[in-house]
Amino acid sequence: MKNLRTFNNPYRDDKVFEGCAIFALLNQAGKNVSGEPVFRAIANMRNRGNGLGGGFAVYGIYPEYAEHYALHVMYDDPAAREEVECYLKDRFDIAEEEEVPTRKTPAVSHPPQVFRYFLKPRAGWMDDVTEDERMIRAVMDINTGIKDAFVFSSGKNMGVFKGVGHPETMAEYFRLDEYRGYLWTAHSRFPTNSRAWWGGAHPFSILDWTVIHNGEVSSYGINRRYLEMFGYACTLETDTEVLAYIVDLLARRQRLPMSLVTKIMAPPLWEEIERMKEPERSELIKLRQVYGSLLVNGPFAVVIAHHGEMIGLNDRIRLRPMTAGIGGENLYISSEEASIRLVCPELDEFWSPQGGDPIVGKVKLETPALHVPVRPLVSDEDRAGLKVGGLI
Amino acid sequence: MNKLAPQKRIQVKEEACIGCRLCEFYCAAEHHPSKDLLKAFGPGRERPRGRVRVVEEGPVSFALVCRHCDEPLCVFACVSGAMERDPETGKVIHDPERCVGCLSCVLACTNGTILWDEKRGVVAKCDLCPGREVPACVAGCPNEALILSE
Amino acid sequence: MLPEINSQLPILNPQPPTGEVAQVDARGLDYRELNRRVDDLLASGAGEIEIRGVHGQRYIASRIRRPVNFRIHGTPGNDLAAFSDGVRLEVFGDAQDGVGNTMNSGEIIVHGRAGDIVGMGMRGGRIFIRDEVGYRTAIHMKEYREQRPVIVIGVMGQDFLGEYMAGGVVVILNLPPRNPKSFSRPPAFIGTGIHGGKIFFRGKLEPYQTGKEVGFDCPDEKEKELLNGIIRDYSNYFSQNLDHVIPDDFLKLYPKNLRPYGRLYAY
Amino acid sequence: MKSYLPAEFIIERNEDRCIRCLACVRQCGFETHVYDAEEDSLLSKEELCVGCLRCVTICPTRALTVRTNPSEPRPNANWTREHLRDVARQAESGGVILTGSGNDKPIRSYWDHLYLNASQVTNPSIDPLREPMELRTYLGKKPDTFNPGDAKTRESECSNVRIETPLLFSAMSFGAISLQAMQSLAQAASEYGTLFNTGEGGLPSELVDYGKSAIVQCASGRFGVNWEYLNNSAIVEIKIGQGAKPGIGGHLPGEKVLAKVAETRMIPMGTDALSPAPQHDIYSIEDLSMLIYALKEATNYRKPISVKIAAVHNAAAIATGMVRAGADMIVIDGIRGGTGAAPKLIRDHVGIPIELALAAVDSRLREEGIRNWASLVAAGGFRSAADVIKAIALGADAVYLGTAALVAMGCTICQKCYTGICNWGICTNRPELAKRLNPDVAARRLENLLRAWSLEIKEILGGMGVNAIESLRGNRLQLRGVGLEEWELRVLGVKGAGE
């Protein structure tokens with residue numbers, strides 16, 4: 001089995017250490033909009049990153065293939081592509097495949113090839129589990145089994161674009177100005193090592209869940225061991241990865257509402273719980289009892305997104321900055337207010353939530369302009385997936 | 001009085017004096033026939049007195065010791081000629097043989113560095129330890145609060 | 001002996017600002033360029049500086065040690081006036097994190113909100129924030145002789161306000177928030193580890209909201225006078241009518257002990 | 001509560017030699033010795049004795065002996081005497097056990113497992129007594145390349161700071177140590193052409209003229225930090241952590257905050273000077289960068305900015321981040337680093353040895369290609385020039401001497417620094433105790449130490465056949481390990497002896 005940490009965590013540190021800036025935009029009406037304000041906003045926080053990682057997740061970009069999984073795969077070696085495509089052709093019906101268009105950008109050196117595939121699992125391959133579980137299996141297989149290949153993203157009607165460089169450089173390189181999406185998240189990275197590996201940039205993604213993260217998860221060691229019991233292979237050895245898996249485990253597989261997921265990741269202090277009224281008090285006590293190992297400790301500000309929803313969350317004592325603003329239809333989340341003001345000087349609403357208090361942005365379902373399939377929280381199909389003991 | 005070559009004298013640094021009083025003991029032993037601390041202060045023996053005295057007030061402490069003034073008031077005041085300033089070295093020397101114990105020098109000295117030796121009925125003061133390169137108190141001070149200077 | 005700290009500063013221009021206003025357009029400038037431009041303007045004799053189009057540039061006025069007036073339009077970046085000494089700075093907009101970090105003297109007036117750690121380690125001068133502030137306001141603020149820092153917050157601060165506070169005065173006017181979403185629960189841990197200075201809080205506090213090192217009292221007459229002055233200044237600075245805000249509404253939070261951790265150790 | 005704690009030391013007084021000078025009585029700040037005038041006898045309250053040997057040293061007739069109390073509980077390899085004592089102390093107080101100085105546990109000293117090389121036959125050794133031997137070192141960021149045409153490269157963004165020997169005095173703050181002690185360090189450093197470090201307690205007004213030789217710290221308490229302090233310095237150091245107490249802050253008790261300390265720290269007298277565990281404007285690597293550049297802005301890019309951390313598990317990754325965040329010098333302080341006061345639990349159990357951390361950091365910076373971007377200074381329990389030479393061979397540009405400097409001034413490492421009483425006048429602010437350290441004497445002793453160690457470094461360099469310290473710096477081929485396991489050799493990046 002291939003060891004991805006040799007790329008992302010070449011020195012075998014406990015995890016990848018990094019800091020950064022985050023910015024996110026959600027058009028709450030579900031309208032696909034240009035990412036131009038996002039590029040400007042994240043570029044305005046250049047001082048928070050160091051040019052060794054930048055990336056974007058965009059939702060709603062592939063409406064013509066809305067029913068297909070959009071697999072973004074990065075290849076460090078053309079040989080890997082053959083192997084991946086061989087793997088995919090055996091298991092999936094591929095509706096379309098192409099190299100992700102890029103633009104010659106002076107600041108980008110030695111880029112890997114990035115391809116995208118629109119596909120659906122083929123009948124007869126792992127029929128006993130949901131399509132999502134099958135997709136995840138394929139991602140894990142490629143990431144752990146095929147040398148020089150790495151999946152950037154694997155959700156429907158969305159995609160992750162990232163690499164080594166300032167985020168605005170990545171936007172230019174991947175021609176993101178030509179895309180329109182209703183939800184954009186952007187990340188500027190400050191890794192402590194320079195092992196330039198494109199897969200190490202944020203966002204991290206599993207299916208259509210993406211995570212951008214600022215901070216360091218001090219509880220990473222136990223979060224990871226807990227997740228491993230449920231079959232998650234933390235191949236990248238970076239704390240951001242566990243955030244994605246925590247959300248996947250709790251929200252997708254265990255069907256917990258996001259309001260509880262955030263309370264598991266950043267629970268109130270015992271003192272505060274003791275002051276609460278029943279039944280909330282008992283519920284939170286139970287949550288901390290059951291999910292103590294998923295408490296995310298240490299400084300973090302994170303934006304977790306999937307179709308139709310974007311959640312900003314801070315650690316319990318707000319050790320990383322995060323601000324939110326609403327201007328017209330747009331909800332913004334940013335490490336710094338200046339970036340929001342830069343792209344939307346007149347905000348209708350502006351706030352900085354207290355630690356552990358999520359910023360929740362949802363696309364209003366009744367909006368006719370929405371071309372995005374918003375998955376219901378619980379589907380029978382998904383429920384079936386729970387029966388599978390593990391992913392790998 | 002004619003000006004003489006600069007006199008070596010003991011400079012007292014109050015800020016470095018730690019109040020251990022060892023200068024008193026080293027001085028007394030040096031002026032004891034044995035020139036030995038243990039013999040001078042051994043059990044059952046009469047305790048000799050030094051010619052230097054440490055005064056203390058709270059954290060402030062310093063050694064009082066003859067400054068061998070260029071214009072020594074003690075010499076002017078001496079009625080018997082026991083107190084003399086050595087014209088060669090500039091040292092102010094006291095000769096106990098000629099001392100009558102009138103205490104005029106003690107009254108005249110503005111520094112309070114001439115001590116009354118009750119038992120012998122004469123005064124005693126610093127003689128900069130003849131025969132030693134560095135006076136005993138200076139050599140023994142653990143913190144260089146006493147320095148021999150020009 | 002050390003001369004009084006302020007008199008020691010070699011003040012380049014001892015005269016009060018001449019009123020000659022130099023204009024700077026900050027759009028597109030990074031902070032180093034912006035701050036260098038400010039240096040140049042001051043060197044060429046400007047007495048007041050107006051900066052427009054500020055979008056997140058850091059460290060504005062952080063190496064200025066003379067009574068210069070700044071007028072800043074936009075959103076200044078982190079560490080606004082950090083280590084500054086004597087500037088008077090007015091922000092027309094919101095400020096971010098680290099306003100007045102380790103500031104020595106001067107005055108900062110923010111016509112808006114401010115982010116986290118306002119006045120961290122601040123030792124002198126005054127900061128007026130019209131609206132709310134983020135976490136850890138006045139953390140480890142301290143006073144020294146005649147240097148007694150003052151932070152005035154129009155609305156409210158989030159958690160850990162006055163943590164480790166070692167001196168100075170924080171006044172919280174508790175006016176209605178711009179957005180209640182910033183305070184989904186009452187702020188807590190006020191004055192945790194406080195061992196100097198005072199916090200004046202308008203309104204009521206539950207005991208759990210403060211650190212256990214905090215004592216409660218009513219402001220005395222002298223303190224009421226101080227509060228009256230601050231209320232007056234706030235109304236003037238922000239053109240708000242604060243007739244309804246009276247010193248009697250304030251709770252005084254003070255350190256019960258100068259040595260909160262004296263009994264923590266086995267000697 | 002009645003204490004069950006037995007005396008740690010016993011005091012033996014040779015009555016034949018005691019001349020009743022009472023120097024012991026006067027010199028013990030812990031009031032261990034008592035003179036009974038009626039009986040003309042000297043008694044010792046042994047339970048008060050800390051074993052600092054001040055009385056033994058000062059006794060003019062060498063009449064005193066202080067020994068560890070030989071009364072032993074039943075031998076028990078698990079429940080050691082120390083464990084028994086600590087449990088008893090905590091049962092009596094309910095508090096955290098405090099201690100001073102560096103870790104006293106038998107942590108493996110890798111210095112003692114590393115051996116140095118010498119020239120034989122194939123190249124000549126050099127006689128340092130007659131031939132030139134250069135120890136001059138420049139601290140600060142070096143550009144990647146030299147471009148003769150470019151003025152900026154020539155001057156480099158941050159000017160480097162020159163030191164004549166790779167020995168610096170560690171951060172010890174005024175308040176923790178006496179003004180006399182700090183003055184001694186400042187005087188010796190400036191005389192010898194090296195630097196002292198103010199620690200986080202500010203620079204006393206008496207010492208402002210030594211600014212050129214000062215590394216001034218900006219720590220979480222920001223005590224005494226203002227524009228003048230930052231600009232009257234050689235280097236500005238951001239203190240994130242220290243080897244003796246990684247992860248926690250400092251706490252100068254109110255009793256020690258007397259007038260002069262209060263003035264220097266710019267706080268009122270008598271208040272506790274609390275340094276929070278983190279710097280509250282640094283919760284992440286990009287925040288460190290923010291403070292580094294805040295200080296560069298405040299000093300107009302004229303001072304190199306140093307960042308000091310404790311040696312911890314991921315020191316290498318953290319250090320590369322620090323360099324990328326703009327630090328011109330990084331300091332790694334190992335688990336044996338000293339302190340004025342630290343919870344014993346933390347001092348003895350948190351952190352890793354400097355040898356391993358230093359090697360890991362230097363290696364990582366080289367692998368990343370950024371070793372030139374910052375100077376690397378090692379700290380934490382350097383006991384001899386041999387340790388220093390080995391550290392330089394592992395990759396340090398210079399080392400910080402803390403405990404060694406204190407010992408040079410008289411410290412006997414009794415570990416009672418936290419009491420505010422120091423019979424040697426070093427770690428105290430009580431005027432009657434502090435004056436025991438005469439800066440003229442102590443500075444001379446410190447200078448002598450610098451001279452002696454520098455000479456020894458030159459001797460070893462000569463033996464290796466090199467005549468400039470830069471030929472030793474990071475030259476791990478000059479080291480061989482003995483008695484080390486494979487992983488230890490790997491981390492240290494040295495071969496086993498005979499290889």
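Quick note: numbers below take in every heavy atom, side chains included, and nothing from hydrogens, waters or symmetry partners. From a predicted model like this one, the values you see are computed outputs, not experimental measurements. Chain naming here is simple, since letters A, B, ... match the order of the sequence lines and numbering starts at 1 in each.
- Contacts between C:His140 and chain D at a heavy-atom distance below 4.5 Å involve the side chain alone, from C-beta outward.
- Distance OH/C:Tyr144 to CZ/D:Arg265: 13.0 Å, rounded to 0.5 Å.
- Shown here is D:Tyr4, whose OH atom has no more than 12 heavy atoms of other residues, nucleotides or ligands within 6.0 Å.
- Atoms CZ and CG, on C:Arg65 and D:Asn226 in that order, are 8.0 Å from each other to the nearest 0.5 Å.
- With a 4.5 Å cut-off on non-hydrogen atoms, D:Ala262 touches chain C through its backbone but not through its side chain.
- Interatomic distance, CD of D:Glu297 versus CG of C:Asp39, reported as 8.0 Å (0.5 Å rounding).
- Of the inter-residue distances, the one linking D:Asp287 atom CG with C:Asn78 atom CG reads 8.0 Å to the nearest 0.5 angstrom.
- Side-chain contact between D:Arg222 and C:Asn101 is present, with at least one heavy-atom pair separated by less than 4.5 Å.
- Counting heavy-atom pairs under 4.5 Å between each of D:Thr271, D:Leu230, D:Ile267, D:Ile97 and chain C puts D:Ile267 at the top.
- The most heavy-atom pairs under 4.5 Å with chain C, out of D:Ala341, D:Gly221, D:Pro268, come from D:Gly221.
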Verdict with reasoning, C:Phe160 to D:His280, per side chain to side chain contact (heavy atoms under 4.5 Å, CB included):
CA-CA 11 Å; C:Phe160 299 105; D:His280 282 286; over 6 Å; no

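- Once rounded to the nearest 0.5 Å, the distance linking CG of C:Asp79 with CG of D:Leu291 reads 7.0 Å.
- A cation-pi arrangement is found for C:Lys142 relative to D:Phe223, the charged atom lying closer than 6.0 Å to the ring centre and inside a 45° cone about the ring normal.
- The two atoms that bring C:Tyr59 and D:Ser289 nearest to each other are OH-O, 4.0 Å, heavy atoms only.
- Contact annotation for D:Asn231: neither backbone nor side-chain heavy atoms come within less than 4.5 Å of a heavy atom of chain C.
- What you find for D:Pro276 and C:Tyr164 is that their closest heavy atoms are CB-CE1, 3.5 Å.
- Atom CG of D:Leu295 sits about 8.5 Å away from atom OG1 of C:Thr102, to the nearest 0.5 Å.
- For D:Tyr229, no part sits under 4.5 Å from any heavy atom of chain C, backbone or side chain.
- Scanning residues 115-123 of chain C against chain D with a 4.5 Å non-hydrogen threshold yields C:Ile117, C:Met120, C:Arg123, sorted by number.
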